J.: 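I have a structure I would like to understand better, so I am pasting it below and will then ask my questions one at a time.
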Amino acid sequence: MATPTENLLDWLRDAHAMEQQAEKMLKAQAERLEHYPELKARIEQHIVETQGQQELLGNCLQRLGSSPSTIKDMSAKLMAFGQAMAGMTVSDEVVKGAMSGYVFENLEIAAYTVLISAAKAVGDSETQRACEQILPQEIAMADWLRDHLPQITEAFLARSAAPNTEAKR
Ligand code: MG
Ligand code: FE
């Protein structure tokens with residue numbers, strides 16, 4: 001068994017590892033994008049947000065007398081590296097990347113929804129506030145990606161059909 005506070009701490013560490021993974025994936029995507037400047041700029045904006053999220057989560061962990069899990073953070077980074085490498089080998093990298101980004105943002109939305117609920121149950125209003133600050137950033141990023149998927153797809157298709165034009169990134 002575990003107390004609600006222990007579960008909350010566990011989920012905070014998971015979220016910190018998730019944000020490490022997010023930063024690594026977003027950076028890999030932004031660094032490679034060349035022909036999709038709007039997407040690149042939005043990803044770069046979210047990298048800054050993601051770093052702020054890591055700090056907020058780190059502060060919550062510290063306040064609760066814990067710290068981020070190095071092992072979880074490391075395996076998250078490794079996973080992100082694997083995903084980034086896999087993404088580079090596909091000819092429709094930009095489309096697959098935007099799709100994966102949308103899925104990942106929704107995972108984050110679910111994680112913070114759970115955390116807010118757990119923080120409420122424990123009566124940890126500071127963790128609740130931190131997660132309520134993060135959640136809208138994830139929703140905004142998910143919404144942006146979904147709204148722009150058609151445009152990204154159209155741009156990719158046009159570049160893909162043109163001679164001597166790189167489309168994938
Ligand atoms: Mg995030
Ligand atoms: Fe995010």
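Remember, it's a predicted structure, so these values are computed and weren't measured experimentally. Whatever order the structure lists them in is the order used to number ligands and atoms, beginning at 1.
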J.: Tell me which N, O or S atom from E108 is the closest to the Fe ion (ligand 2).
T.: OE1
J.: If you compare all heavy atoms of A119 against all heavy atoms of L8, which two are closest, and at what distance to 0.1 Å?
T.: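 Shortest heavy-atom separation between A119 and L8 comes out as N-CD1, 3.9 Å.
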J.: Any sub-3.5 Å donor-acceptor pair from Y36's side-chain atoms to A167's backbone N or O?
T.: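 Answer holds: yes.
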J.: Is any N, O or S atom of Q137 under 2.8 Å away from the Mg ion (ligand 1)?
T.: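 Coordinating: no.
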J.: Quick one: the OE1 of E19, the Mg ion (ligand 1), OE2 of E108 angle, rounded to 10°, please.
T.: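 Value returned, to the nearest 10°, is 80°.
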J.: So with a 6.0 Å cut-off around NZ of K40, is the heavy-atom count from everything else above 12?
T.: yes
J.: Check E105 and report its N/O/S atom nearest to the Fe ion (ligand 2), by atom name.
T.: OE1
J.: Backbone or side chain, does E19 get an N/O/S atom under 2.8 Å to the Fe ion (ligand 2)?
T.: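 No, E19 does not qualify, because none of its backbone or side-chain N, O or S atoms lies under 2.8 Å.
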J.: When hydrophobic residues are tied together by side-chain contacts of less than 4.5 Å, even through go-betweens, does M25 share a cluster with Y112?
T.: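 Cluster IDs for M25 and Y112 match.
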J.: I'd like the atom name of the N/O/S atom in E138 lying closest to the Fe ion (ligand 2).
T.: OE1
J.: Tell me which N, O or S atom from E138 is the closest to the Mg ion (ligand 1).
T.: OE2
J.: Give a yes or no answer on whether the side chain of E6 reaches the backbone of T3 with a donor-acceptor pair at less than 3.5 Å.
T.: yes
J.: In H46, what N, O or S atom is nearest to the Fe ion (ligand 2), if we give its atom name?
T.: NE2
J.: Between E38 and R42, does at least one N-O distance fall below 4.0 Å, as a salt bridge requires?
T.: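 R42 and E38: not salt-bridged.
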